[in-house]
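Okay, handing you the structure first.
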Amino acid sequence: MNMELKNFSDFSELKKKKLYVIYGMKDHFKEATEFIPKYNKQLKEKFNSVLLLKFNRLEDEGHVPDFSLTKGLEFIYN
């Protein structure tokens, strides 16, 4: 597990917070396409009870899809 996640213990500041991550599988940075799913799993294991998480994996998109900001704001403010 990522050391920052492992050592994080103050869950009170996360209550009612949201995290949205969107990424495209056609990203030329393999570090991103391989890291994000693992990080997603770690975040869910550690914070699922206090933090509202949404990860959006897009098979036919690149590094930062054009509509990513819109999707993130819709998730946060809906």
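Since the model is a prediction, treat every value here as computed from it, not as a measurement. The chain is numbered in sequence order, starting from 1.
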With a 4.5 Å cut-off on side-chain heavy-atom distances among I, L, V, M, F, W and Y, is there a chain of contacts connecting M25 to F29? no
Among residues at least two apart in sequence or on other chains, which ones pass salt bridge (charged side-chain N to carboxylate O under 4.0 Å, His left out) with E13? none
Hey, are the side chains of Y23 and L58 touching, using non-hydrogen atoms and a 4.5 Å cut-off? no
Applying ring pair (Phe, Tyr, Trp, His ring centres under 6.0 Å) to F55 and not counting sequence neighbours gives none
Within a 6.0 Å radius of atom NZ on K18, are there more than 12 heavy atoms belonging to other residues, nucleotides or ligands? yes
Name every donor-acceptor pair, under 3.5 Å, that has one atom in a side chain of residues 66-78 and the other anywhere in the protein, sequence neighbours excluded.
{"from": "S68", "atom 1": "OG", "to": "P65", "atom 2": "O", "distance (Å)": "2.9"}

Evaluate the side-chain proximity of L52 to K17: yes if any heavy-atom separation is below 4.5 Å, no if none is. no
What residues form a side-chain contact (heavy atoms from CB on, under 4.5 Å) with K15, not counting sequence neighbours? V50
Output for pair (F47 CZ, L53 CG), nearest 0.5 Å, gives 9.0 Å
Let me confirm one number: the OG1-CZ distance from T33 to R57, rounded to the nearest 0.5 Å. 8.5 Å
By side-chain hydrogen bond (donor to acceptor under 3.5 Å, both in side chains) - contacts of N40 (at least two apart): none
Going by the rule side-chain contact (heavy atoms from CB on, under 4.5 Å), which residues pair with Y39 if we only count those two or more places apart in sequence or in a different chain? N2, L5, F35, Q42, L43
Cluster question for you: counting only ILVMFWY and a side-chain heavy-atom cut-off of under 4.5 Å, with indirect links fine, are I36 and L19 together? yes
